[in-house]
Protein chains: 2
Amino acid sequence: MPTPDRTSLDEIVDAARDLLEADGAEGLSMRSVADRVGVRAPSLYKRVRSRDDLLRLVAESTVAELAERLDAVATASAGGDPVLRLADLARTLRRFAHERPAGYRLIFAPPSGVALAPESLARATAALFALTAELAGPDDALEAARTVTAWATGFIAMELAGSFQLGGDVERAFEFGVSRIGKALARLAD
Amino acid sequence: MPTPDRTSLDEIVDAARDLLEADGAEGLSMRSVADRVGVRAPSLYKRVRSRDDLLRLVAESTVAELAERLDAVATASAGGDPVLRLADLARTLRRFAHERPAGYRLIFAPPSGVALAPESLARATAALFALTAELAGPDDALEAARTVTAWATGFIAMELAGSFQLGGDVERAFEFGVSRIGKALARLAD
DNA sequence: ACCTGAACACCGTTCAAGT
DNA sequence: ACCTGAACACCGTTCAAGT
């Protein structure tokens, strides 16, 4: 005789996401997630294949949210100065990382068993890609997008890890970087 | 009655480093390290405070090695074109990351309980810092160093994580990035 | 069809007992 | 002074038994 469902995949992923932000990756255990949704740990395996699979689902849901936000900013600024639009996009990424550091890290520095679908990351960086094509021209668009993405994710990763230890103004360093890189891609002097 | 030492801190750190590169961070357990040096896991606690402490020691030894390599390259190229010297330094960092990906990640994306001494990272980036001061001038030296470090570590992190999924030539993207950024810091056209 | 308790093989870590 | 086995409180995961 079938029993009524006591939870759902969505509820599990949301609980996992909350635990991840509250307690970090090591606080997200199958037992803690199960506790939060009101079942026992073995029941989770009816809906996810493994803990890594659950982490992947959290990463997918987080990257989809990030993509939406980046798209919204790109749309709102459409037609403006590309160098300034690039800075807007980079600030949006950074703001997202500050709001959801653990989820951000899960996307851009996933543990070995967790891999996003290639399309998911591509969708999130599509707005950026369009902008770098505009800035650097179609021949260098891919290289330019990789340069910006590498800088932004590297900057944010170091910031979140507390690696900027020499003092100075982190905001200023961010603005310095995005402005110089934006201009370099457009080959503008100064 | 004292028993003779059956291992040493150096031997433990070396074993941990080898296990880290061979099996990743999750393969580095106190029991596996103990096995490798021929004692039981509880004995390790005579020489390290915790597993995180052991990871920190591995990170410190790795970053010291990296610092030596970067210094050697910087010394060898002293007096040359600063933009080319910067590219040399960046390639050296990338080569190190390819040789020792797990150790590299431990330095630039350490887990939450593992923190390098501030001086260690500063010492490793000293050569880079000197070069960016030369390129961008003393007023922007810190911001310039952060821009280069962020780009290089971000690029390598994405490469190691397999995040460059749109095809294209990763070597070309690396050379494109370092050359554009180097010139941008020096404010050179093209 | 979903959920559960019990169990297995692992962890990091502590500690009393051995030499 | 160092090393050990035993133990504790955790893991992820499997599986037979319940409803």
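This is a predicted model, so every value here is computed, not measured. Letters A, B, ... mirror the listed sequences (proteins, then strands); counts begin at 1.
For the pair B:Lys46 NZ and C:dT19 P, the computed distance is 17 Å after rounding to whole Å. Distance CG (A:Asp5) to P (C:dT4): 12 Å, rounded to an integer number of Å. When the P atom of C:dA1 is taken as reference, atom CZ of A:Arg6 falls 17 Å away, rounded to whole Å. The CD atom of B:Glu11 sits 15 Å away from the P atom of D:dC2 (whole-angstrom rounding). One can place CG of A:Asp53 at 14 Å from P of D:dG12, the figure rounded to the nearest angstrom. Residue A:Tyr45 contributes atom OH, which lies 5 Å from atom C1' of D:dT13 at whole-angstrom precision. Rounded to an integer number of Å, the gap from CG of B:Asp52 to C1' of C:dC11 is 13 Å. For the pair A:Leu28 CG and D:dC10 C1', the interatomic distance rounds to 15 Å; values are reported in whole Å.
Heavy atoms of B:Ser43 sit under 4.0 angstrom from at least one base atom. Using a 4.0 Å heavy-atom criterion, one finds that A:Ser8 contacts no nucleic acid atom at all. Within the 4.0 angstrom heavy-atom criterion, only backbone atoms of the sugar-phosphate kind lie near A:Arg47; the bases stay farther away.
Using modelled atom types and a 3.5 Å distance limit, the side chains of A:Thr92 and A:Arg69 yield no donor-acceptor pair.
Base pairing of C:dG18: its partner is D:dC2, meeting the Watson-Crick or G-U wobble criterion (both donor-acceptor distances under 3.5 Å). Using Watson-Crick or G-U wobble geometry with both donor-acceptor distances under 3.5 Å, C:dT13 finds its partner in D:dA7.
Of the candidates D:dC3, C:dT13, C:dC3, C:dC3 carries the atom nearest the A:Thr7 side chain, counting heavy atoms from C-beta on.
Using a 4.0 Å cut-off between a side-chain N of Lys or Arg and a carboxylate O of Asp or Glu, B:Arg180 and A:Glu143 do not qualify as a salt bridge. A salt bridge does not link A:Arg36 to A:Asp14: none of the charged side-chain nitrogens sits closer than 4.0 Å to a carboxylate oxygen.
Side-chain atoms of A:Arg40 stay outside donor-acceptor range of the base of C:dG5, with no qualifying N/O pair under 3.5 Å.
In terms of heavy atoms, A:Gln165 sits closest to B:Arg146 at N-NH2, 4.3 Å.
Residues B:Tyr45 and B:Leu19 share a single hydrophobic cluster, defined by chaining ILVMFWY side chains whose heavy atoms lie under 4.5 Å apart.
Closest-nucleotide positions on DNA chain C for A:Arg31 and A:Val39 were compared, and the one nearer the 5' end corresponds to A:Val39.
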